[in-house]
K.L.:
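Here you go, one structure.
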Amino acid sequence: MAGRGDAPAWNDDGALELARELAASPPPEDPVPVQEAIARIDRAAAMGFDNAGPGFLAYIPGGGVYTAALAELISCVTNRFPSMAAPAPAFAAIEVGLLRWLCREFGLPDGALGIFTTGGSMANFSALVAARHARLSEDLRDATLYVSDQAHHSTAKAARLAGLPARAVRVVPTDGGLRMDVAALRAMLDADPRPFYVVASAGTTSTGAVDPLPEIADAAAAAGAWFHVDAAYGGFFGLTARGRERFAGIERADSITLDPHKGLFMPYGNGVLLVRDFAALGAAHSVDAGYLQDLAGEHAGIPDFSAYSPELSRGFRGLRVWLPLHVHGVRAFRAALDEKLDLALRLHDGLAADDRLEIVPGPPELSIVGWRLRDGDDAANRALQDAVNASRRVLLSSAVVDGRFTLRACILSFRTHADRIDELISLVRAAARA
Ligand SMILES: *Cc1c(COP(=O)(O)O)cnc(C)c1O
């Protein structure tokens with residue numbers, strides 16, 4: 001942690017050699033000193049991308065709040081069973097308390113609750129399974145679901161895992177701001193015999209575009225389809241005043257995916273699914289088992305989470321979120337998210353001031369800024385990205401916007417501040433000049 005500010009944003013020096021060595025190393029029969037074992041991990045940890053560092057602006061940054069590691073230590077050492085109420089009622093209740101708080105923050109009514117998952121992909125999977133069960137029961141014939149051409153691929157993956165054919169996934173075009181074209185969605189819903197599931201993005205992964213949630217909610221309701229909001233990247237901006245405004249309509253969702261390991265700066269392994277009708281999630285996931293008859297059932301209103309999720313035995317994921325929220329206070333998270341929105345505007349202004357560059361598709365809605373050379377083909381833009389990344393002070397990744405190579409920066413680490421964004425602006429403008 002102490003060296004992180006000056007550490008390279010990415011490092012591949014000797015990485016492949018070490019990877020080959022580790023991949024070829026079985027565990028020893030005899031013990032090795034713990035310091036020696038940890039030293040090997042230390043070397044490995046310095047390789048690759050520093051996803052939690054201040055210069056990591058590629059893909060979606062991870063946070064890695066260290067207080068979550070303390071929670072992980074406690075949950076590993078106690079090793080209770082939080083996925084059922086009877087064996088660990090107070091631990092399960094900690095997850096209930098967090099989920100109730102999130103439901104309130106996003107305007108979901110009483111009766112809504114959810115589950116902690118390993119990430120957004122698993123949350124999107126359980127949402128789709130709940131919708132399939134609620135709207136289609138066991139007859140999947142002619143069923144269709146809707147995502148925009150900017151949606152995360154995890155919904156298409158979930159559809160396949162849930163037994164739906166590839167043709168069931170209908171891709172809706174987007175407008176100039178890369179938001180779902182609702183007129184096109186309505187036309188597709190009208191034409192299809194069994195539309196059952198509509199996914200809106202509250203922050204797309206490529207550009208951070210927020211789909212028109214109220215209009216999509218109307219269209220889904222008119223078609224009798226389940227309305228899911230994938231807010232894995234952007235959702236926690238809903239803890240800020242500006243984010244709440246941008247997400248108007250999210251309170252009408254049947255389900256919402258959130259990723260604490262993105263927008264709450266937690267270490268990887270924390271996703272959340274909120275479901276308006278929690279009982280529908282249970283109906284889709286619960287199966288009786290005789291060997292659990294001594295345990296099953298709610299206690300003091302605390303559910304058996306295993307009856308609402310694909311998992312039975314699992315770690316205490318809620319505590320990794322609970323402890324940081326208590327130790328730092330929710331206000332610190334709201335302030336950090338507000339800072340990310342400010343930094344995105346700062347980056348936008350710094351790049352827009354250079355006429356060699358054009359901002360695409362437009363000013364940031366959340367914390368992702370996209371740009372490219374005004375007079376440059378894909379190869380020139382790729383060279384611009386390589387030149388900036390060669391500094392190792394930042395790491396950028398690219399996206400395809402309007403069929404063209406586009407550089408992007410996603411600002412979501414609690415360690416990224418104005419100094420690093422100003423450095424990025426200088427690096428990009430110098431490379432564009434060159
Ligand atoms: C990251 C992301 C996902 C997948 O989440 P994981 O936690 O990586 O599984 C889903 N949807 C969106 C919009 C995302 O940005």
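Heavy atoms only: backbone and side chains are in, while hydrogens, waters and symmetry mates are out. Atoms within a ligand are numbered from 1 in the order they appear, just like the ligands themselves.
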K.L.:
Any donor-acceptor pair under 3.5 Å linking the side-chain atoms of S397 with those of R408?
P.N.:
yes

K.L.:
For atom 14 (C) of ligand 1, grab the closest protein heavy atom and report residue, atom and distance to one decimal in Å.
P.N.:
K262 NZ, 2.9 Å

K.L.:
Checking ring-ring contact (aromatic ring centres under 6.0 Å, His included) for the pair F278/Y308: CA distance, chi angles, key distance, verdict?
P.N.:
CA-CA 8 Å; F278 188 53; Y308 298 80; 3.9 Å; yes

K.L.:
For atom 6 (P) of ligand 1, what's the nearest protein heavy-atom neighbour? Residue, atom name and distance, please.
P.N.:
G120 N, 3.4 Å

K.L.:
N/O of T205 under 3.5 Å from N/O of ligand 1, yes or no?
P.N.:
yes

K.L.:
Could you list which atoms of ligand 1 come closer than 4.0 Å to a heavy atom of D259?
P.N.:
5 (O), 6 (P), 7 (O)

K.L.:
Does a side-chain N-to-carboxylate-O contact under 4.0 Å join R372 and D402?
P.N.:
yes

K.L.:
Applying a heavy-atom cut-off of 4.0 Å, say which part of N124 lies close to ligand 1: side chain, backbone, both or neither.
P.N.:
side chain

K.L.:
Counting distance only, does the side-chain N/O of R415 pair as donor-acceptor with the main-chain N or O of G5 below 3.5 Å?
P.N.:
no

K.L.:
Which option out of I368, T155, V229, D230 puts a heavy atom nearest to atom 11 (N) of ligand 1?
P.N.:
D230

K.L.:
Note the single closest protein heavy atom to atom 9 (O) of ligand 1, along with its residue, its atom name and the distance in Å.
P.N.:
S121 OG, 2.7 Å

K.L.:
Pick one: which of S309, S126, S306 meets side-chain hydrogen bond (donor to acceptor under 3.5 Å, both in side chains) with H285?
P.N.:
S126

